[in-house]
Structure formats: C-alpha cells, structure tokens
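A short worksheet on the structure shown next.
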Amino acid sequence: MKIEIFGNALPAIPWEERPAGSRETVWRYSGNPVIGRDATPTSNSVFNSAVVPFDGGFAGVFRADDNRRMMRLHTGFSRDGVHWELTPEPIEFQPECPSAGSFTQGYDPRVLWLEDRWYVIWCNCLGGPTIGIGYTFDFKEFHQLPNAFPPFNRNGVLFPRKIGGKYAMLNRPSDNGHTPFGDIFYCESPDLRHWGYHRPVMAPTVGWQQTKIGAGPIPIETSEGWLLFYHGVLTSCNGFVYSFGAALLDREEPWKVLARSKSYLLAPRELYECVGDVPNVTFPCAALCDAPTGRIALYYGCADSVTGLAFCRADEVIARLKAEN
Ligand code: BMA
C-alpha cells in the first residue's frame with residue numbers, strides 16, 4: 001500500500017543513498033558530523049539542533065553551549081542543509097509577558113511552520129527546566145510566549161497543525177537533574193498559552209528505552225498516522241545511553257500509539273557519538289521530509305558536542321514499525 005505523506009515537496013533535501021551492503025533502516029551521512037564544536041566564535045559545542053526549509057534554502061535554531069558553558073540558542077542558515085553558517089550572537093527573544101516567560105538559558109530547540117509563522121519550542125529555564133515557546137517570521141526577530149508549564153518539563157514538541165480544533169504538544173515531565181524516569185504526555189491549548197487536557201502517550205519499556213523516553217523532531221503526518229521519532233535512554237554501568245526509534249500515533253487522537261519501535265533505529269556507535277562532553281548520546285531534534293518521495297533527513301546531536309545527519313525513507317520506517325508490532 002502506498003503511504004501518503006501530508007507535507008510539502010522538498011526536492012533539495014540533503015540526501016545520500018543507503019551505503020551498498022547496509023541493511024540499516026536509518027543510515028548516517030558519510031560526512032558526519034555536519035556541524036562541529038566551533039560553529040560560533042564562542043561555542044563549546046553545537047548539538048541538538050532544529051532545521052527547516054527556508055527562503056529557498058534552510059534555516060535553523062541551534063543549541064550552542066558557549067565557552068562559559070551557558071546554554072544558548074543561535075540561528076543558522078544553509079543553502080544545502082549540510083554546510084551551515086551560524087549567527088555569532090545568540091537569539092534574543094522579546095517576551096510577551098516577561099514575568100511568565102523570559103529567556104535565561106535554553107536548549108534542545110525544535111522549529112516548525114504552524115499556520116502563519118515559524119514557532120520555536122525549547123527547554124527553557126524557570127528555576128528549573130520548563131517548555132519555552134516563541135515565534136519568528138524571518139529568523140531575525142524572535143518573540144516569546146509565556147512558558148507552557150511550571151518546572152519540571154522537557155522535550156516539548158508541537159504538532160504542525162491543530163488537532164480537534166486545538167494546538168497540540170508532546171512533552172515529558174522531568175526533575176531538576178538528569179531525571180532517571182520519563183514518559184511522553186500529550187496536551188492541548190486553544191491559544192498556545194494555556195495548556196491542559198493532559199494525556200499519557202508512551203512510557204519507557206525495556207532495553208534501549210528502559211529508563212526514559214522523549215519526543216524528538218516535529219511529527220510527520222502520514223496516511224498511517226503521525227510518524228514520531230523519539231529518543232530512549234538505557235542506564236548502563238557507565239551512565240545513560242541515548243538511542244532513538246520511532247512510533248506511529250493516531251492522526252486525530254495522537255495519545256493512541258498504533259505502533260512503536262522495539263529495536264532502535266540508531267544508537268551511539270561512531271566515535272563522534274560515543275566520545276564528547278556526554279558520551280553515548282544520539283538525540284534527534286529535527287526531520288526534513290520530501291513528501292512525494294518520503295525521503296527523510298534527521299538532524300541529531302552527537303555526544304552533546306556536535307551535530308550529525310542521518311537518512312531514512314518513511315515507508316521503510318513504517319514497514320519496520322509494523323513488522324515489530
Ligand atoms: C537531556 C538533555 C539533552 C542532552 C541529553 C544527554 O536531558 O539535556 O540536551 O543531549 O540529556 O546529555
């Protein structure tokens with residue numbers, strides 16, 4: 001059966017075919033990492049990064065921890081999605097209500113087109129991690145909405161359209177530290193400012209996703225359901241290991257999981273994924289998709305130090321999910 005993807009054509013998607021002899025469903029770009037540590041004059045590391053098609057090329061919001069080890073968000077631009085230039089100065093958000101949502105530090109951004117503008121959603125700080133939401137029309141001027149929740153919460157991911165007449169978000173209640181637990185929840189809002197109707201979606205299970213899970217890139221709408229890539233964490237003798245897999249969520253009731261990875265799609269294996277400021281981390285925050293062909297380019301943070309690119313095809317990922325369920 002042909003799977004339909006509800007999205008735009010992106011013929012210029014960065015792309016490399018699966019290497020000869022590989023049986024992987026998700027394969028890495030041969031030129032990884034695509035963004036190194038020194039992409040801004042003061043960066044210590046550039047990793048969990050969010051990119052979108054923009055103005056005939058690509059734009060993004062990048063997590064760049066600086067050499068004071070403060071967590072900053074920077075814009076970046078690229079003609080081909082592979083070679084990036086990051087703006088040296090961090091983004092300064094103009095808050096709508098400073099007491100309810102200002103930028104202090106931020107990390108793990110996601111970016112999406114929703115109705116009439118680009119939204120940025122990230123892990124903001126409010127005495128502890130919470131979900132920050134902002135928007136831009138041009139990737140120059142950024143505005144900030146009130147935080148979605150009080151602490152502690154991470155991995156806020158907006159859906160790219162209203163569902164049941166409401167804005168919809170996945171999120172992951174957490175603690176103030178490195179959080180040895182974590183389920184994905186769904187919530188909705190009439191105005192992107194007031195959030196409620198919280199519903200559980202998925203909990204950790206076993207193996208690579210035994211400790212905690214969190215939504216990754218903005219979900220991709222397909223005729224089989226929302227295709228969600230998500231990270232899962234295993235606790236080893238050496239600490240956390242971040243891998244990622246995928247799930248299919250019901251299109252109109254996304255808290256219903258239709259299928260879910262049992263085996264990971266990508267796990268830390270290459271040197272740049274296993275060695276860095278936090279070893280053994282692969283953390284996807286963005287997915288470009290060319291709807292007519294189903295080609296997907298995933299951007300993922302590697303060892304909390306650099307940014308990598310990986311590729312897959314929607315129909316192959318969905319076929320694998322179905323085979324595992
Ligand atoms: C999570 C987030 C991510 C990070 C990961 C591994 O809690 O802080 O930014 O990549 O831990 O350190």
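Counting starts at 1 for both ligands and their atoms, in listed order.
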Nearest protein heavy atom with distance in Å, relative to atom 3 (C) of ligand 1: D108 OD2, 3.2 Å

Ring center gap for W118 and F139 short of 6.0 angstrom: yes

is_close_aromatic(W255, F159), centroid dist under 6.0 Å: no

Residues R161, E221: salt bridge by 4.0 Å N-O rule: yes

H178 contact mode with ligand 1 (heavy-atom cut-off under 4.0 Å): neither

Proximal ligand 1 atoms for R63, defined as those under 4.0 Å from one of its heavy atoms: 3 (C), 9 (O)

Ring-ring centroid check Y29 W15, cutoff 6.0 Å: no

Proximity to ligand 1 by part of N48, non-hydrogen separation under 4.0 Å: side chain

From V241, D304, V233 - option closest to atom 4 (C) of ligand 1 by heavy atom: D304

Per atom 7 (O) of ligand 1, closest listed option by heavy atom (Y242, F47, Y300): Y242

Residue, atom name and distance, where the atom is the protein heavy atom closest to atom 8 (O) of ligand 1: Y107 CE1, 3.7 Å

Test item: side-chain donor near acceptor, N238 and S236, under 3.5 Å: no

Greater than 12 external heavy atoms within 6.0 Å of N8's CG: no

